[in-house]
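Notes follow the structure.
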Amino acid sequence: MRGFWRGPLSVLGVLAAAAAALWAILGPAHALALLAPALAVLWLRHLANLRRLLGWLEAPADRALPYGSGLWEDAYAGLARLLRQQRQSEAGLRGALERFQSATSAMNEAVIILDELDRIEWCNPSAEHHFEIDARRDLGRQLTYIVRQPQFLEYLLAQNFSEPFVLRGARGGETTLSIQLVPYGNRQKLVISRDITRLERLEETRRDLVANVSHELRTPITVIAGFLETLNEPNEPGPELRRRALELMSRQAARMQTLVEDLLTLSRLENARGPASERPVDVPAMTRSLLADAQALSGGQHSIEIARCDGPWISGSEDELRSAFTNLVSNAVRYTPASGQVRIAWRPSPEGGAVFSVADTGIGIEPEHIPRLTERFYRVDRSRSRETGGTGLGLAIVKYALSHHQARLEVESVPGQGSTFSAVFPARRTCEPAPANDVPQTVAA
Ligand code: ADP
């Protein structure tokens, strides 16, 4: 800065000295004739530089910075330095922004930035998905225009964001979102939303399970407690009543035991991602052994037969497969009136897999119940299920055991005529029989 005056002052000094010399020698008119054009040239030069600068300022991004001489050269050099620094910090900011955007784009959580009037400034792809926002169309729109629940507006206005807002029925009614607002900067807000639909469903399932188990246990416990009271009375009950009470109590105890066993089986199956083991299972032998079990359960009241038993071995867990097939067979016996028929089959499927099917001529199922049969404690015929010792968990167990083997359950039924339950296994689950010297997986009963 100190050098700033040196150049102009020396030019002015030279001009002044020349004008003074001219004044002394030739008079004031000549001195003026020198000074006026010289100053005009200087002034025009500055104007030309100023014009170039103003021209550049109109579109600094598109045009190159003009060159100048003298003082203007320094000014342009300073400007060029400033520009370089600005571009560097811009590039740094852009990089940081890009990193932030790509990090938030990869997040499952939705992120929205709201301005001080709660208008959307920016959002990540998950936010577009959660709130059905179209980033191009909805930027600048108020969030309350998109989330139209009055409770959400109240939440925003209350300005108390210590607890998240739970938005039920988002995205066409199916989704539940937990929305957390974080105020920052100048009354701006960061909106972070998580899809908690699965979590809510799990919570609901847990609540239902506790309610159902309590309900299932209530009857046997009430019966046992009632009889214990009777047996404890001071005037001794007669031997017949005592025998009857003990019989009923042990039946209820057995019922509770079955329920607990089924619950444990179900919980084991639910918690596992795949079958408990991956070994060749002799399903044809298992099928034959199931026939004997079914006949024992029926007590000779039904005609039970194996229609086909030419399916392959299956790779998986013998216990899980047996549990699934036993449930299907015992259901067929329990829901078929006396003198009805049950046909069990294990056959190759046309797609290269195999099908285990149990067809009965029993009571059948109305079509509206079929999609819900594998829900825990879902029963079409409540009293028949209980009378025959059902826990309402059998088909839930079947569902999990089959899904561990990538198999699916198919149900065909005609009310009053009978049902066919089929477990359809994919080709990749079939396997060659284990060599004869291996420990047998299934021993026919
Ligand atoms: P449950 O212990 O009550 O039999 P399941 O889960 O095995 O429970 O079956 C669920 C419901 O599906 C049963 O309560 C019954 O109403 C119906 N169901 C299952 N198998 C049959 C069948 N073979 N015929 C008619 N209804 C059946």
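Order of listing sets the numbers, starting from 1, for every ligand and every atom in it.
- Between the side chain of Trp346 and the backbone N or O of Pro312, at least one donor-acceptor pair lies under 3.5 Å.
- Taking a 4.0 Å cut-off on heavy atoms, Ser419 registers as neighbouring ligand 1.
- Salt-bridge annotation for Arg379 and Glu216: present, with a side-chain N of the basic residue lying under 4.0 Å from a carboxylate O of the acidic one.
- Considering only non-hydrogen protein atoms, atom 3 (O) of ligand 1 sits nearest to Ser385 OG, 2.5 Å.
- Of all atoms in ligand 1, listed by their number and element, those nearer than 4.0 Å to a heavy atom of Gly390 are 2 (O).
- In summary, Glu98 and Arg94 do not engage in a salt bridge, as defined by a charged side-chain N under 4.0 Å from a carboxylate O.
- Contact analysis leaves Arg382 out of contact with ligand 1, as no non-hydrogen atom separation drops below 4.0 angstrom.
- Scanning all protein heavy atoms for the shortest distance to atom 12 (O) of ligand 1 gives Leu373 CD2, 3.4 Å.
- Around atom 26 (N) of ligand 1, the closest heavy atom drawn from Asp360, Thr258, Val333, Ile365 belongs to Ile365.
- Using cut-offs of 30° and 60° for the angle between ring planes, the His405 and Phe425 rings count as perpendicular.
- For atom 7 (O) of ligand 1, the nearest protein heavy atom (residue, atom name, distance) is Asn331 ND2, 2.9 Å.
- Between Tyr155 and Phe161, the distance from one ring center to the other falls under 6.0 angstrom.
- An N or O contact shorter than 3.5 Å links Val380 to ligand 1 by distance.
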Test side chain to side chain donor-acceptor pair (under 3.5 Å) on Ser317 and Asp319 and set out the steps.
-> CA-CA 6 Å; Ser317 156; Asp319 287 346; 5.4 Å; no
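- When hydrogens are left out, the protein atom nearest atom 21 (C) of ligand 1 is Tyr335 CD1, 3.5 Å; that is the closest non-hydrogen contact.
- The Gly392 neighbourhood of ligand 1 comprises atoms 1 (P), 2 (O), 3 (O), 6 (O), 8 (O), with distances under 4.0 Å to a heavy atom of that residue.
- Protein heavy atom nearest atom 10 (C) of ligand 1, with residue, atom name and distance: Tyr378 O, 3.2 Å.
- For the pair Arg376 and Tyr378, the cation-pi criterion (under 6.0 Å, within 45° of the ring axis) is not fulfilled.
- Looking at ligand 1, you'll find an N or O of Leu395 within less than 3.5 Å of one of its N or O atoms.
- Every atom of ligand 1 is numbered from 1 in the order shown, and the set under 4.0 Å from a heavy atom of Asp381 is 16 (O).
- Exactly one residue among Arg194, Arg168, Arg207, Arg206 makes a salt bridge (charged side-chain N to carboxylate O under 4.0 Å, His left out) with Glu200. That residue is Arg168.
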Tell me, with the steps shown, if Tyr76 and Trp56 meet ring-ring contact (aromatic ring centres under 6.0 Å, His included).
-> CA-CA 11 Å; Tyr76 285 134; Trp56 176 79; 8.0 Å; no
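- Between the side chains of Ser193 and His130, at least one donor N or O lies within less than 3.5 Å of an accepting N or O.
- Atoms of ligand 1 found under 4.0 Å from any heavy atom of Thr391 (numbered from 1 in listed order, with element): 2 (O).
- Atoms of ligand 1 found under 4.0 Å from any heavy atom of Arg334 (numbered from 1 in listed order, with element): 1 (P), 2 (O), 4 (O).
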